[in-house]
Amino acid sequence: MSEQKIEVVADLITLDIIKDSLQAIGEEMFYSVARTSQSPIIYEVLDFASGLTDEQGRLLTQGNGVAGFLGMLSSMVKEVIEKYTSKGKLKEGDIIIINDPYGGGGSHLQDVGLVIPVYIDGEIFCYCANKCHWSEMGGKDPGYSVDSNEIYQEGLQLPCIKLFNEGVISEAIIDIIRSNVRLPDMSIGDMWAQISGLRTGEKRIRELCAKYGKQTVKNAIERLLKNSAAYSRSRVAAIPDGVYTASGFMDRDVLGNGPFHIQTVVTIKGDRMIVDFTGSAPQTSGPINLSRTGLISAMRSIFLACTGPEQDINDGVFEPLEIIAEKGSIFSAQRPAAVSCYYESMQFALDLVWQAMAPVVEKGRLTAGHFLTVGAYSLSGTHSVTGDPFVDVGPTLGGWGAGVDRDGDSAQFCTGDGETYNIPAEVLEAKFGYRVTEYSLNTNSAGAGEYKGGYGIILGHQALNDNVYFSGTYGRFDYPAWGYKGGQDGSPNGFDFIRRDGTYEPQAGTGSKILLHKGDIVRMVTGSGGGYGNPLKRPGEKVALDVKNGYITVKDAEEIYGVLVDETGNTVLGITEARKAFAV
């Protein structure tokens, strides 16, 4: 009996080692891409994802990176299986390239995915996949378009086609890419970085199977998926059964469409979570539409937030989740709807579920509303020193909502960005030839509460030559982050301009190809998160410290928080009658 018990324990240990090895392979694939890519949006921001699926397309592991890609690697692989594998058309050495938002791609054309089958003993054992944001993918505007009205304006479409055929690259596809993008060397360079990531994963999977045996690795995979599903079901079951709702509006797009009514009904029934967006606005002519695959990714993010973000990512985790959306709606748009700014709808869909579930999930797990937007911008022109053309694209930091026991975080990326980073000012100036004039917190009185919302940022970019163009789209311009439990709403997101003659052009939420002359400054300005709890409950010493740090004014302290503070913020002088009445 004792020998048999030792054997079982050893086997379980081996299976756990294999599970952790799969996780490590996903991470190594991720870093391989980051270290070999050409674009700062990839090697600095980490706007990409990489991972493994099994032979059925079930996600096994995904390296850190963009949380908005949580459903997209497996969807790419499943399209490859349907188009090639199931028909016997996939061979060893093949690599598939795909960016079709309405197929497996799920986002926009700038996010280019690659998939490679990994063969063991002449059979497909698993697939390696990654998806990276290319700074340039063609289309009518550099970087990406914020005013497109159909997908054909947004760039080159690659509909699940073979980039490599049995190890031989398709020079025709390379020529097509080079002929359609504005910065071919950068885009092709990023493609090769992705290939290096796939090759790394392929090599490590073969080594793993050689060490433990193919069947043992398969057993570990099945155990991983089964255990993850069981744990997720237990976490959903811990949420009270019920029907939870939220509704609201999305901002207008650059074409003037909107605002857009959106709504969700979340049903918790036993160990199942059903999210239904029926009744939300139909798809629009502007580019903020979201495909169903993108919606799945958003729901996976908020599902993790509700049930346990500590879990390793795989398809078993999401087994209890069901998603419903009407075809042709803004959350499940159909071809040829424009989708270049899909991330705005993605974030609003996630936020609806966030609002619905905040009162019922584990205390403190979900905060008040955050600034929500990716804050994606595009700057293009010629380098002020080299004269070379450039396209700079990137996300913008902002303020997160306050929680039950803490102030909101300041200057963080939105939920859709996940484990991503800002591009350092030194890299921006060297790579793109403009000047970073400001990178500061956008302090204001918005988001007040017992716990206050985190602050957004102000990021200024100054053109150092003529004919520089700015495009951007910032959700929550019309509808700032929501406060919770008596906390106040946050402030809006957007951008403004300070022209070289001193003229100030006020904040806007979206704009396309706005011309900058030498000396002009564009400022990306993001909002505060929502506050939590009534501001009159915020401790006086915290209010005084906020004044001392320059976050709020003495007037704000008195009128919003009911605290009388001296000009230095060192001394609390008393409280107002309103605060006294509230305390009673």
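The chain is numbered in sequence order, starting from 1. Atom set for the values below is all heavy atoms of this structure, side chains included, hydrogens, waters and symmetry mates excluded.
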Separation between CD1 of Ile116 and CG of Asp94, rounded to the nearest 0.5 Å: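 One gets 8.5 Å once the value is rounded to the nearest 0.5 Å.
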Sequence-distant partners of [X], salt bridge (Lys or Arg N to Asp or Glu O under 4.0 Å), two or more places apart:
{"X": "Asp351", "result": "Arg476"}
{"X": "Glu319", "result": "Arg233, Arg272"}
{"X": "Arg35", "result": "none"}

[X] to [Y] - nearest heavy-atom pair and separation:
{"X": "Ser380", "Y": "Val391", "answer": "CB-CG2, 4.3 Å"}
{"X": "Glu429", "Y": "Tyr434", "answer": "CG-O, 3.2 Å"}
{"X": "Leu304", "Y": "Phe318", "answer": "CG-CE2, 3.8 Å"}
{"X": "Ser285", "Y": "Asn257", "answer": "OG-ND2, 2.9 Å"}

Exercise: do Thr373 and Asn493 side chains pair donor with acceptor under 3.5 Å: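 Judged by distance alone, the side chains do not pair up.
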Side chains of Thr61 and Gln23, donor plus acceptor under 3.5 Å: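 Distance-only check passes for Thr61 and Gln23.
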Crowding at CD, Glu82 (>12 non-hydrogen neighbours, <6.0 Å):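 No, the 6.0 Å shell around CD holds no more than 12 heavy atoms from other groups.
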Under the side-chain contact (heavy atoms from CB on, under 4.5 Å) test, which residues partner [X], sequence neighbours left out?
{"X": "Ser332", "value": "Arg292, Ala325, Ser329, Gln334"}
{"X": "Phe30", "value": "Leu46, Phe48, Ser50"}
{"X": "Gln56", "value": "Asp54, Arg58"}

Ring centers of Tyr342, His108 separated by less than 6.0 Å: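 Aromatic pair counts; centres sit under 6.0 Å.
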Phe164 vs Ile173 side-chain heavy atoms within contact, under 4.5 Å: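 Phe164 does not reach Ile173 side chain to side chain.
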